[in-house]
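Inspection log for the structure reproduced underneath, given as structure tokens.
The residues of the chain are indexed from 1 along the displayed sequence.
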Amino acid sequence: GERFGVEHLIAVLRGEAGDRIRQLGHDRLPTFGVGADIEKGGWRGIFRQLYALGYAAVSEMGGWQVTEAGRGVLKGDETVMLREDAMKRRAKKPAKERAAPGLAPEDDELFAALKARRSELAKARGVPAYVVFHDATLIDIAAKKPTTLDALSQCHGVGAKKLETFGRDFLEVVAAGPVELPHPARQKLAGDPSGPLFDALVEAQAGLMRGETGTDRFLICTNTTLAKIAEKRPRDVAELERIPGVGALKAERFGSAFLACIEATDN
């Protein structure tokens with residue numbers, strides 16, 4: 001199905017019958033164990049060469065896939081020439097030989113997937129890959145593995161504009177699947193000190209929509225209004241009431257809870 005990552009493929013080639021491989025029945029494949037004489041580091045080098053030569057591609061989900069050129073190889077129409085040193089490479093390569101200096105070997109697969117996604121985005125926009133993100137950014141993402149926009153914003157070279165434009169794309173690569181982003185009002189606060197306050201306001205409001213008794217008239221501030229409160233940080237109920245979308249009734253209902261959130265986050 002071309003949905004497996006390089007580490008899984010290497011385990012099959014080396015004949016490593018782990019629980020997942022046995023559950024999937026991959027220990028019964030004819031290729032199971034045919035590459036046991038080559039160390040993991042050597043196989044990673046081979047996979048990188050196959051990728052660089054265009055015989056394989058990495059999907060946005062991290063799965064390795066055969067390209068049209070690769071299918072020609074499988075049919076015997078083309079011969080593949082690889083560097084011999086890849087076959088002899090040790091499992092742990094010196095840092096200077098690594099494709100991503102400073103990155104742990106187990107993160108190579110994610111780094112390759114991030115680069116593949118970057119290439120797709122750059123090609124779609126007709127710009128060089130570095131315009132999307134530099135390698136240093138992808139290395140930091142692969143190392144930190146952010147799962148939220150806030151966490152991604154802390155990675156090297158990820159500014160507000162690129163976070164908004166490319167955030168979902170790269171979070172989905174890290175997650176190896178679709179991700180659910182917060183409301184657009186919250187997305188704009190990603191990486192901003194107001195973000196945690198917004199989250200606290202949402203939680204405080206959830207318990208007071210029907211009042212403290214749970215029987216009062218339903219009231220709610222929109223996410224846009226909550227974002228404005230998080231930005232303005234009113235110091236008293238009067239200031240809160242003057243924020244567009246609040247008014248007297250909502251200020252009375254949520255005022256004490258919202259102001260307590262503001263005080264807590266300031267401290």
Are Glu68 and Lys75 ion-paired here, with the side-chain N under 4.0 Å from a carboxylate O? no
Indicate whether the side chain of [X] and that of [Y] have a donor and an acceptor atom separated by less than 3.5 Å.
X      : Y      : answer
Thr148 : Asp150 : no
Thr222 : Thr224 : no
Gln49  : Tyr55  : no

Spatial distance of atom [atom1] ([X]) from atom [atom2] ([Y]) [nearest 0.5 Å]:
X      : Y      : atom1 : atom2 : value
Arg168 : Leu149 : CZ    : CG    : 8.5 Å
Lys162 : Thr165 : NZ    : OG1   : 9.0 Å
Asp192 : Leu197 : CG    : CG    : 10.0 Å
Leu152 : Lys145 : CG    : NZ    : 13.5 Å
Leu189 : Ser153 : CG    : OG    : 11.0 Å
Ile21  : Arg14  : CD1   : CZ    : 11.0 Å

Would Trp64 and Phe47 count as a close aromatic pair, with their ring centres under 6.0 Å? yes
Got [X] and [Y] here, is their nearest side-chain heavy-atom distance under 4.5 Å?
X      : Y      : result
Val66  : Glu2   : yes
Glu16  : His8   : no
Ile141 : Leu110 : no
Val179 : Leu181 : yes

Is there a path of hydrophobic side-chain contacts, each under 4.5 Å between heavy atoms of I, L, V, M, F, W or Y residues, that connects Leu9 with Trp43? yes
More than 12 heavy atoms of other residues, nucleotides or ligands under 6.0 Å from CZ of Arg22: yes or no? yes
Answer yes or no: are there more than 12 heavy-atom neighbours, outside Glu203 itself, under 6.0 Å from its atom CD? no
Pairs of donor and acceptor atoms involving the side chains of residues 123-131, under 3.5 Å and at least two apart or interchain, shall be tabulated with distances.
{"from": "Arg125", "atom 1": "NH1", "to": "Leu121", "atom 2": "O", "distance (Å)": "3.4"}

Do side-chain atoms of Thr137 reach the backbone of Phe133 as a donor and acceptor pair under 3.5 angstrom? no
Donor-acceptor pair, Glu109 side chain versus Val6 backbone, under 3.5 Å? yes
Donor-acceptor list for residues 244-260 side chains, cut-off 3.5 Å, not counting sequence neighbours:
{"from": "Lys250", "atom 1": "NZ", "to": "Ile220", "atom 2": "O", "distance (Å)": "2.9"}
{"from": "Lys250", "atom 1": "NZ", "to": "Gly245", "atom 2": "O", "distance (Å)": "3.4"}
{"from": "Arg253", "atom 1": "NH1", "to": "Leu208", "atom 2": "O", "distance (Å)": "3.0"}
{"from": "Arg253", "atom 1": "NH1", "to": "Met209", "atom 2": "O", "distance (Å)": "2.8"}
{"from": "Arg253", "atom 1": "NH1", "to": "Arg217", "atom 2": "O", "distance (Å)": "3.1"}
{"from": "Arg253", "atom 1": "NH2", "to": "Arg217", "atom 2": "O", "distance (Å)": "2.7"}

Could you go step by step and tell me if Asp169 and Arg118 meet the salt bridge (Lys or Arg N to Asp or Glu O under 4.0 Å) rule? CA-CA 9 Å; Asp169 293 287; Arg118 179 181 65 178; over 6 Å; no
Give the intermediate values and the outcome of salt bridge (Lys or Arg N to Asp or Glu O under 4.0 Å) for residues Glu239 and Arg233. CA-CA 9 Å; Glu239 281 188 39; Arg233 295 175 179 266; over 6 Å; no
Sorted by chain and number, sequence neighbours left out, ring pair (Phe, Tyr, Trp, His ring centres under 6.0 Å) with His156 holds for none
